[in-house]
Amino acid sequence: NAGVTQTPKFRILKIGQSMTLQCAQDMNHNYMYWYRQDPGMGLKLIYYSVGAGITDKGEVPNGYNVSRSTTEDFPLRLELAAPSQTSVYFCASSNKVHEQFFGPGTRLTVL
Amino acid sequence: LAKTTQPISMDSYEGQEVNITCSHNNIATNDYITWYQQFPSQGPRFIIQGYKTKVTNEVASLFIPADRKSSTLSLPRVSLSDTAVYYCLVGDIGNAGNMLTFGGGTRLMVKP
C-alpha cells in the first residue's frame, strides 16, 4: 500500500493564481481531511469528508474548496491565492476518527 | 472541544524515560485521549489512544488517572530518533464532525 500520497511536494504561486492540491489514499478509508500547518504551529483543519460526495468545513475553510467524487481522492482547490495561504498542507485519511494517517505534505509558497 | 495544555518543550538524554503530561480539565464523558508524533518535514503519526487507566503498545504507554483531567505519555529509553513534536488531542472518537485540534505540541529534544 502506498498509503496517503500528495502531489505536488512543493509549489510556488503568484498572488491571484489558483491551483489544486491532490490527495489520494489506497486504504479504502471513509474519512479524509485537509490540514494546514504554519511554521512552528500545530495543524488546523481546513475541510473534511466522511465519504464520497460528503464534505464539510473545518476550522479554517475560507479561500479553499474541496470535492470528494471517489473514496480514494480528495483534492483541495485554492482560488485566488494569497500570501496568507503560504503553509504546509497535509492530507490525512482514516476509518477511525482519531487514528488518522497523514501524507507527506505539500509546501506552498505564495509570492 | 476539550482544551489541552502541554509543555512547549522538553529535553532529555538517550536511554532515559520521558514523560510528557497533558492537562485537559474539561474533558467530556465521551472523549478519548490521543497522542501523535511529528518529525520535521513529515506529517503527524498516530502513537497511542486511551480512555482511562493505562494503555501500552510497542511505542509508548499512556497513563490516565481516574479523574481523566490529565494524561501522561511515557516513552521508554528514548533515542535520538525520538526527537519530534508530540501532540495531545482530546475528543469524541465516535463523531466524525468532532474535529481534531492540534495545539502547539511539545517539542522533545533528545541529546546524546
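The sequence lines fix the lettering, A, B, ..., with proteins before strands; numbering per chain opens at 1. Treat the numbers as computed from the prediction; the structure is a model and nothing was measured.
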Please examine the side chains of [Y] and [X], heavy atoms only from C-beta on, and report whether any two atoms are closer than 4.5 Å.
| X | Y | answer |
| --- | --- | --- |
| P44(B) | Q100(A) | no |
| F102(A) | Y36(B) | yes |
| Q38(B) | F90(A) | yes |

Hydrophobic clusters here meaning ILVMFWY residues chained together by side-chain heavy-atom distances under 4.5 Å, can you tell me if [X] and [Y] are in one?
| X | Y | result |
| --- | --- | --- |
| L21(A) | I15(A) | yes |
| Y47(A) | Y31(A) | no |
| I48(B) | F63(B) | no |
| F74(A) | V4(A) | no |
| L108(A) | L43(A) | no |

How many angstroms lie between atom CG of L89(B) and atom NE2 of H98(A), to the nearest 0.5 angstrom?
7.5 Å
Counting heavy-atom pairs under 4.5 Å with chain B, the top scorer among Q6(A), Q37(A), M41(A) is Q37(A)
Does any backbone or side-chain atom of Q42(B) lie under 4.5 Å from a heavy atom of chain A? Answer side chain, backbone, both or neither.
backbone
